[in-house]
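Following: one structure in structure tokens, then a few remarks.
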Amino acid sequence: MQFILYLLLILLFTKVAGHLSVRLGQPAVLGKLIAGIVLGPAVLGWVQNDSLIHDMSEIGVLLLMFIAGLETDLNQLRRNWKPAVAVAVGGIVLPLVCGFGIGETFGFSVHEGWFLGVVLSATSVSITVQVLKDMNKLNTREGSTILGAAVLDDVLVVVLLAVMMSVFGMGGQEMSLGLLVGKKLIFFVGAVLGGWLVVPWMMKILAPLKVTEAVITAALIICFGFAYFAEMLGMAGIIGAFAAGIAIAQTDYKHDVEEKVEPIAYSIFVPVFFVSIGLNVSFEGVGQQLGFVVALTLIALVTKLIGGGIGARLTGFDNRSSLAIGSGMISRGEVALIIAAAGLQTGLLAQQYFTSVIIAVILTTLAAPPILKLCFSDQKHSVQRGN
């Protein structure tokens, strides 16, 4: 029954906090993230990040990205592949170099400094997707560029991590870069072929079954199948779920699936995901490293904003749109949390700095929604003045 109490508190706090956040002119997701910090060990300690919460949050983020895929305009995504590549590269190079610089400043070893750069290079688009959805900006040119860049970012950061582990001999095993890149290529080829040939066939076979909610069940089977396939080949599961959403969006079942998956996702699983991020925050022992946390957070915010923004500017976006795209890459979210945990296990990140790095990651995730909304609001006002 303790888990039932956790669910009760999560659902109550996220809905109330989300409502208050909107009333204060901020995205609802910001209130939900703060609710996780308040409920977790950092403040009240009423909810613990146990295995059930973790598993439900994983389902929540998969469903969130699946919905994003359903709502994505594939033609818009294709048209914006060049700026997406530029934004992804710009959003990795600057944080990587500056992260190493922060490590050098605070006396990190060479491998710890470069690993810090890899953590700062990560991007979690799941929070950004929610904000863009709330503002009806997901299918704009800027939104499509952010989504494309985030997918590429995931691949590049995993490759960077593998290179580091190989070069510095961490993790107890050598990692073949060729094998790693090969697995990524297999995923993309498999996702394209699966989305083109397998998904329509599966939907036609499973959707007419004489059972309750056959259509949405078939869609979820495809979503989780793609996510599992992605994880098996070293990609983030959210990329697989996103690809599954795009594939189903090309079938006749798009609107039925979209209409039925959102109540499942937003009533229980997505709120648990947002809260789970806040549950990772603990202020224990951070007082001695306050300068490091502040410096790391500021560098994390500025480097993604500028790096992604420069990539957008070089590929034809104006200054305001470039800032909006850069702001969409700020959130590190669960991707950076996973990378930080891997660094701790392999010795690439020292134990005494782990909590400080996690707090900096959470702070970027909290800062992303208001910055994103501000940048897109400025862009809207600029367009209106231009008219």
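Computed from a predicted structure; not experimentally measured. Just so you know, residue 1 is the first one in the sequence shown, and it goes up from there.
Around CG of D55, the count of heavy atoms belonging to other residues, nucleotides or ligands within 6.0 Å exceeds 12. Within 6.0 Å of the OH atom in Y228, the count of heavy atoms belonging to other residues, nucleotides or ligands does not exceed 12.
Panel note: side chain T315, backbone G311; a donor-acceptor pair is recorded below 3.5 Å. Using modelled atom types, one side-chain atom of S267 and one backbone atom of P263 make a donor-acceptor pair closer than 3.5 Å. The closest donor-acceptor contact from the side chain of R141 to the backbone of T145 lies at 3.5 Å or more, if one exists at all. Distance alone, capped at 3.5 Å, places no donor-acceptor pair between the N80 side chain and the P83 backbone. Side-chain atoms of E231 come within 3.5 Å of backbone atoms of G237 as a donor-acceptor pair (strictly under, hydrogens ignored). In this structure, R332 contributes its side chain and A122 its backbone to a donor-acceptor pair below 3.5 Å. A side-chain donor-acceptor contact under 3.5 Å links E112 to the backbone of S109.
Side-chain contact between Q48 and L279: absent, with no pair of heavy atoms (C-beta onward) separated by less than 4.5 Å. The closest side-chain heavy-atom distance from L70 to I248 is below 4.5 Å. The closest side-chain heavy-atom distance from L11 to Y6 is not below 4.5 Å. Under the 4.5 Å side-chain criterion, counting only non-hydrogen atoms from C-beta, W196 is not in contact with Q250. In this structure, the side chains of L301 and L305 stay at 4.5 Å or more apart for every pair of heavy atoms. Looking only at side-chain heavy atoms (C-beta outward), F13 and V275 stay at 4.5 Å or farther from each other. Residues K204 and T251 are not in side-chain contact: their nearest non-hydrogen atoms beyond the backbone lie 4.5 Å or more apart. With a 4.5 Å cut-off on side-chain heavy atoms, V357 and V293 do not count as touching.
Follow the hydrophobic side-chain contacts under 4.5 Å out from I299 and you reach F108 in the same cluster. A continuous path of Ile, Leu, Val, Met, Phe, Trp and Tyr side chains, each step under 4.5 Å between heavy atoms, connects I358 with L363, placing both in one hydrophobic cluster. Hydrophobic clustering, with ILVMFWY side chains joined whenever heavy atoms are under 4.5 angstrom apart, groups I239 together with V85. Following chains of ILVMFWY side-chain contacts shorter than 4.5 Å, one cannot reach I330 starting from L64, and the two form parts of different hydrophobic clusters. Under the 4.5 Å side-chain heavy-atom criterion for grouping Ile, Leu, Val, Met, Phe, Trp and Tyr, I371 is not connected to V22 through any hydrophobic cluster.
Between D153 and K304 there is a salt bridge, with a side-chain nitrogen of the basic residue lying less than 4.0 Å from a carboxylate oxygen of the acidic one. A salt bridge links E71 with K133: the closest approach of a Lys/Arg side-chain nitrogen to an acidic carboxylate oxygen falls below 4.0 angstrom.
Between the OG atom in S327 and the CG atom in L372 there is a gap of 4.0 Å [rounded to 0.5 Å]. In this structure, CD1 on I10 lies 3.5 Å from CD1 on I53, to the nearest 0.5 angstrom. To the nearest 0.5 angstrom, M56 atom CE is 8.5 Å from L52 atom CG. Expressed to the nearest 0.5 Å, how far CG of L63 lies from CG of L220 amounts to 6.5 Å. Remark: F274 CZ to T14 OG1 distance equals 9.5 Å, nearest 0.5 Å. Remark: K137 NZ to C375 SG distance equals 12.0 Å, nearest 0.5 Å.
No hydrogens or angles considered: nothing links the side chains of N319 and S322 as a donor-acceptor pair under 3.5 Å.
Each of F106, F115, F292 was scored for a ring-ring contact (aromatic ring centres under 6.0 Å, His included) with Y353, with one residue passing: F292.
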Walk me through whether L206 and I221 qualify under side-chain contact (heavy atoms from CB on, under 4.5 Å).
CA-CA 10 Å; L206 296 175; I221 289 169; 4.3 Å; yes

Verify side-chain contact (heavy atoms from CB on, under 4.5 Å) between L147 and V129, making sure each step is shown before the conclusion.
CA-CA 8 Å; L147 284 171; V129 160; 3.7 Å; yes

Is there a side-chain contact (heavy atoms from CB on, under 4.5 Å) between I37 and L33? Walk through the geometry before answering.
CA-CA 7 Å; I37 296 175; L33 292 169; over 6 Å; no

Applying side-chain contact (heavy atoms from CB on, under 4.5 Å) to I216 and I264, what does each step give before you reach the verdict?
CA-CA 10 Å; I216 184 61; I264 296 171; 4.1 Å; yes

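The minimum heavy-atom distance between L349 and A340, with the atom names listed, is CD2-O, 4.0 Å. In terms of heavy atoms, A265 sits closest to I67 at CB-CD1, 3.8 Å. Looking at every heavy atom in both residues, A312 comes nearest to I325 through CB-CD1, 3.8 Å. Across every non-hydrogen atom of V199 and A247, the tightest pair is CG2-CB, 3.9 Å. Of all the heavy atoms in G31 and S21, the pair that sits closest is N-OG, 3.6 Å. Closest approach of A249 to G69, counting heavy atoms only: CB-O, 4.1 Å.
Classified by interplanar angle (parallel below 30°, tilted 30° to 60°, perpendicular above 60°), the ring pair F187/F229 is tilted. Ring pair W114/F100 is parallel by interplanar angle, where below 30° counts as parallel and above 60° as perpendicular.
Taking the six-membered ring for Trp and the full ring otherwise, the centers of F224 and F66 sit at least 6.0 Å from each other.
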